[in-house]
Amino acid sequence: MRSLFSDHALIDALQRQFAIHWHGHHGIAHWSRVRLNGKELAVGTDADMHVIELFALFHDSRRLNEGIDDGHGSRGFELAKQWQGKYFQATKTQMGLLEFACKHHSDGVMDGPLTAQICWDADRLDLLRVGTMPLAKYLCTAQAKDPQQRERSNKRAKAWSEHFAAGRFFNA
Ligand SMILES: [Fe+2]
Ligand SMILES: [Fe+2]
């Protein structure tokens, strides 16, 4: 299946409505790494990759700041709901999973369907971009706790944060 990340109309629309730094800590590069983490975590499971991609794109899409931003997951899902059928297709089950995953991605909930747990882990495995080492006790799945997986994800997050700190991204 073609990745939603290569859908220019969708990515452009997300960028147009994004309120904070597109190349910052919660922007497109983070979303891409969440997708990649999620893809790696989903290997060999029956997790729904379409939901994971939608989560990667929408979970932080309606943030209003780079810090504690209550309700941003729910707002992200509301945007996805508005755009379903226009920019992407999803079943009722997939939208239900997306709503659950978006809503609870930053409130400490760890119980839920595997697809949602993979979404949360994929997000948390990118924490080193802001200098926070992801701890196993905050990861839901055995796949995410795997030392090799954590090393891979940490490496990507760290590499990005070094580029960012060096000012290699323009402030669009
Ligand atoms: Fe978030
Ligand atoms: Fe995030």
Side-chain angles (χ1 to χ4, degrees), residues 3-5 10-11 13-15 17-42 47-83 88 94-95 97-141 143-145 149-150 152-165 169 172:
S3 170
L4 291 171
F5 277 74
L10 173 57
I11 301 296
L14 281 164
Q15 184 173 14
Q17 66 76 49
F18 195 50
I20 55 173
H21 188 356
W22 183 245
H23 295 285
H25 292 104
H26 295 94
I28 185 70
H30 166 57
W31 306 354
S32 306
R33 287 189 303 275
V34 172
R35 171 188 174 266
L36 190 51
N37 287 338
K39 202 176 167 195
E40 290 172 353
L41 296 175
D48 189 327
M49 197 55 217
H50 189 51
V51 173
I52 294 167
E53 283 217 324
L54 287 168
F55 172 85
L57 287 168
F58 285 97
H59 77 288
D60 282 337
S61 67
R62 297 286 285 156
R63 265 189 169 275
L64 299 173
N65 64 58
E66 304 279 3
I68 294 168
D69 182 350
D70 285 337
H72 73 272
S74 295
R75 292 197 301 275
F77 173 71
E78 287 307 314
L79 183 64
K81 216 163 80 179
Q82 285 169 32
W83 287 3
F88 67 91
Q94 288 173 324
M95 290 305 282
L97 279 169
L98 181 64
E99 179 171 19
F100 184 76
C102 282
K103 231 180 195 167
H104 297 295
H105 83 270
S106 55
D107 64 7
V109 172
M110 289 179 70
D111 285 332
L114 178 66
T115 296
Q117 289 183 315
I118 286 181
C119 291
W120 301 333
D121 283 353
D123 190 28
R124 281 164 206 165
L125 283 175
D126 198 39
L127 272 172
L128 205 53
R129 79 191 187 286
V130 290
T132 304
M133 184 61 77
L135 297 178
K137 66 176 176 178
Y138 298 124
L139 297 170
C140 309
T141 65
Q143 294 94 316
K145 290 177 190 175
Q149 177 64 53
R150 291 167 69 190
R152 234 186 347 254
S153 298
N154 283 339
K155 236 185 204 168
R156 283 196 287 258
K158 195 162 175 271
W160 177 85
S161 73
E162 285 167 3
H163 283 291
F164 185 74
F169 300 115

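Note that the structure is a prediction, hence the values are computed from the model and not measured. Along the sequence shown, residues are numbered consecutively beginning with 1. Counting starts at 1 for both ligands and their atoms, following the listed order. All values below were derived from every heavy atom in this structure, side-chain atoms included, with hydrogens, water molecules and symmetry-related copies excluded.
- No donor-acceptor contact under 3.5 angstrom links the side chains of Gln143 and Gln149, judged on distance only.
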Q: Apply salt bridge (charged side-chain N to carboxylate O under 4.0 Å, His left out) to the pair Glu78 and Lys81, showing each step before the final yes or no.
A: CA-CA 5 Å; Glu78 287 307 314; Lys81 216 163 80 179; 3.5 Å; yes
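- Distances from the Fe ion (ligand 2) show that His59 has an N/O/S atom below 2.8 Å.
- Between the side chains of Asp48 and Thr115, no donor-acceptor pair of N or O atoms lies under 3.5 Å.
- His72 lies close to the Fe ion (ligand 1), since one of its N, O or S atoms is found at a distance under 2.8 Å.
- Distances from the Fe ion (ligand 1) show that Asp60 has an N/O/S atom below 2.8 Å.
- Using cut-offs of 30° and 60° for the angle between ring planes, the Phe58 and Trp83 rings count as perpendicular.
- Draw a line from the Fe ion (ligand 2) to OD1 of Asp123 and another to NE2 of His30, and the angle between them is 80° (to 10°).
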